[in-house]
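All heavy atoms count here, side chains included; hydrogens, waters and symmetry mates do not. Remember, predicted model here, so these are calculated numbers, not experimental data.
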Amino acid sequence: LIERDLNLSASQFGLLLSVFYVTYVAGMIPAGWLAERYGAYWILSFGVLVWSLATMLTGFVASFSSLLILRLLLGVGESVTFPCLSKIISSVTEPRGVGHANGVVAFGYLFGAVVGTLIGGLLMSRVGWRPTFGVFGLISLLWLWPWARTRFAEVRVRKESTAAPPFRLILKQRGLWGAALGHFSGNYTYYFVLGWLPDYLVKARGFSIDTMSAVASSAYLVSALVALAAGWLTDRWVRVGRSPDVAYKSIMAAHHLGAIVSMIGMAFLPIGPSIACLLLYMAVMAFAAPATFAIPQILAGPSATGRWVGVQSTCGNLAGVFASYITGVLIDATGHFETAFAAAALINVAGIIGWVIMLPPVRPIAWPEAIRTL
């Protein structure tokens, strides 16, 4: 609808999807540092305020340039999310419980896609896209009221601390770069699906907006429920004496192998099996979602998680810049989606390399010892 009303090409729409990730990525490392120094509670509050206002104002845009500016502002607000959430979880949760905690968080942001796609799609088909952005911006802003009544203890890193690793030591960890590569690979596929699935179902498969909303939201609902179960199952696996290393690496390998199969099936199979492949992808992606942040929380611990996840998420979310824009260019060049799905399948090979081969054993890093040998 926005493409039609603002007369945007596929490349322009892809650029609007991509430009969000420029500020989203650029803000993650500073957000992680600020969360460790001043507290994730306040930094997360500021981010929600910014992204809520940017969402509300999107309903008033009249041109490509104004929408571009608000997409940049939205990225600034949302950049605080995962560094702050990881900092909070590592501060209040024992390592053996981080899987379940991240599963709850993953359920939240994946179920958000259910609400956004289903209710957003239904609203847009009836009242247009402009009022819909205002409604969702306001709902997001209202979150600040219960958050203001929430209290918890945080570990904060001060300059005089001897237990907190310096940033240069964090950057030397092979595990950080393995996780970053794996995160990039997984996010490329996810952001491709998240950004282009509605367009694909309507333009390539001939769905109405209402039908598209129902199918896409059903897929997101599957992912939300699987993520919630995945975190609990992973923690249970570890609690009964199984190796966290085997558990987490197996999950990540299954995620990327399943994504390769799913992308190929979505592009080349008839509509019924194609939708089945979409549901398969959502399930394997969601099962790995808690592990994506549980792994760095276990490795880095509360004194370094904010900065570690800031770097990991920065690298991982560069995928949003590439996936959204490259997809638009490929569609404009070929006139179809098949090459975009092939690219999304191929990138998952890098995910297996990062999470399985480069990642060291999943256990807490002994930072005081590492600092002494620095």
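- In the hydrophobic cluster analysis, where Ile, Leu, Val, Met, Phe, Trp and Tyr join through side-chain heavy atoms closer than 4.5 angstrom, V215 is grouped apart from L118.
- Between T55 and S52, the side chains place no donor N or O within less than 3.5 Å of an acceptor N or O (distance only, hydrogens not considered).
- Among all heavy-atom pairs drawn from S66 and S63, the shortest one is OG-O, 3.0 Å.
- Side-chain contact annotation: S11 with S9, donor-acceptor N/O pair under 3.5 Å absent.
- Residues N102 and Q297 have side chains that bring a donor and an acceptor to within less than 3.5 angstrom of each other.
- The cluster map of Ile, Leu, Val, Met, Phe, Trp and Tyr, joined by side-chain heavy atoms under 4.5 Å apart, puts I69 and L53 in different clusters.
- Within a 6.0 Å sphere centred on CZ of R236, heavy atoms belonging to other residues, nucleotides or ligands number 12 at most.
- No side-chain heavy atom of M56 sits less than 4.5 Å from a side-chain heavy atom of F133.
- Taking the six-membered ring for Trp and the full ring otherwise, the centers of Y21 and Y191 sit less than 6.0 Å from each other.
- Residues L299 and P361 share a closest heavy-atom pair of CD2-O, 3.6 Å.
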Walk me through whether C277 and L269 qualify under side-chain contact (heavy atoms from CB on, under 4.5 Å).
CA-CA 9 Å; C277 286; L269 292 177; 3.9 Å; yes
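- The shortest non-hydrogen separation linking W308 to A300 is CE3-CB, 3.8 Å.
- Atom CZ of R151 has more than 12 neighbouring heavy atoms from other residues, nucleotides or ligands inside a 6.0 Å radius.
- Linking ILVMFWY residues whenever their side-chain heavy atoms come closer than 4.5 Å, directly or via other members, places M124 and L67 in the same cluster.
- Ring pair Y200/F341: centre-to-centre distance below 6.0 Å.
- Residues L110 and V105 are not in side-chain contact: their nearest non-hydrogen atoms beyond the backbone lie 4.5 Å or more apart.
- No donor-acceptor distance shorter than 3.5 angstrom exists from the side chain of R149 to the backbone of W145, with no hydrogens or angles considered.
- A distance below 6.0 Å separates the ring centres of Y41 and W147.
- Side-chain contact, S208 with T211: a donor N or O sits under 3.5 Å from an acceptor N or O.
- Under the 6.0 Å cut-off for aromatic ring centres, H183 and F293 qualify, their centroids lying closer than that.
- Counting only heavy atoms from C-beta outward, the side chains of T189 and M285 never approach each other to under 4.5 Å.
- Nearest heavy-atom pair across K87 and P302 is CE-O, 3.9 Å.
- Linking ILVMFWY residues whenever their side-chain heavy atoms come closer than 4.5 Å, directly or via other members, leaves W237 and V226 in distinct clusters.
- W42 and V309 fall within a single hydrophobic cluster, where Ile, Leu, Val, Met, Phe, Trp and Tyr side chains are chained together by heavy-atom contacts under 4.5 Å.
- By the 6.0 Å contact criterion, CZ on F46 is open, its count of non-hydrogen atoms from other residues, nucleotides or ligands being 12 or less.
- E36 and R307 are joined by a salt bridge, as a carboxylate oxygen and a charged side-chain nitrogen come within less than 4.0 angstrom of each other.
- Between F192 and F322, the ring center distance fails the sub-6.0 Å criterion.
- Salt bridge D199/R205: absent, no basic N to carboxylate O contact under 4.0 Å.
- In plain terms, the two heavy atoms of P165 and I371 that are nearest each other are CA-CD1, 3.8 Å.
- Side-chain contact between M282 and V193: present, with at least one pair of heavy atoms (C-beta onward) separated by less than 4.5 Å.
- Nearest approach of M266 to S274, heavy atoms of both residues: O-OG, 2.9 Å.
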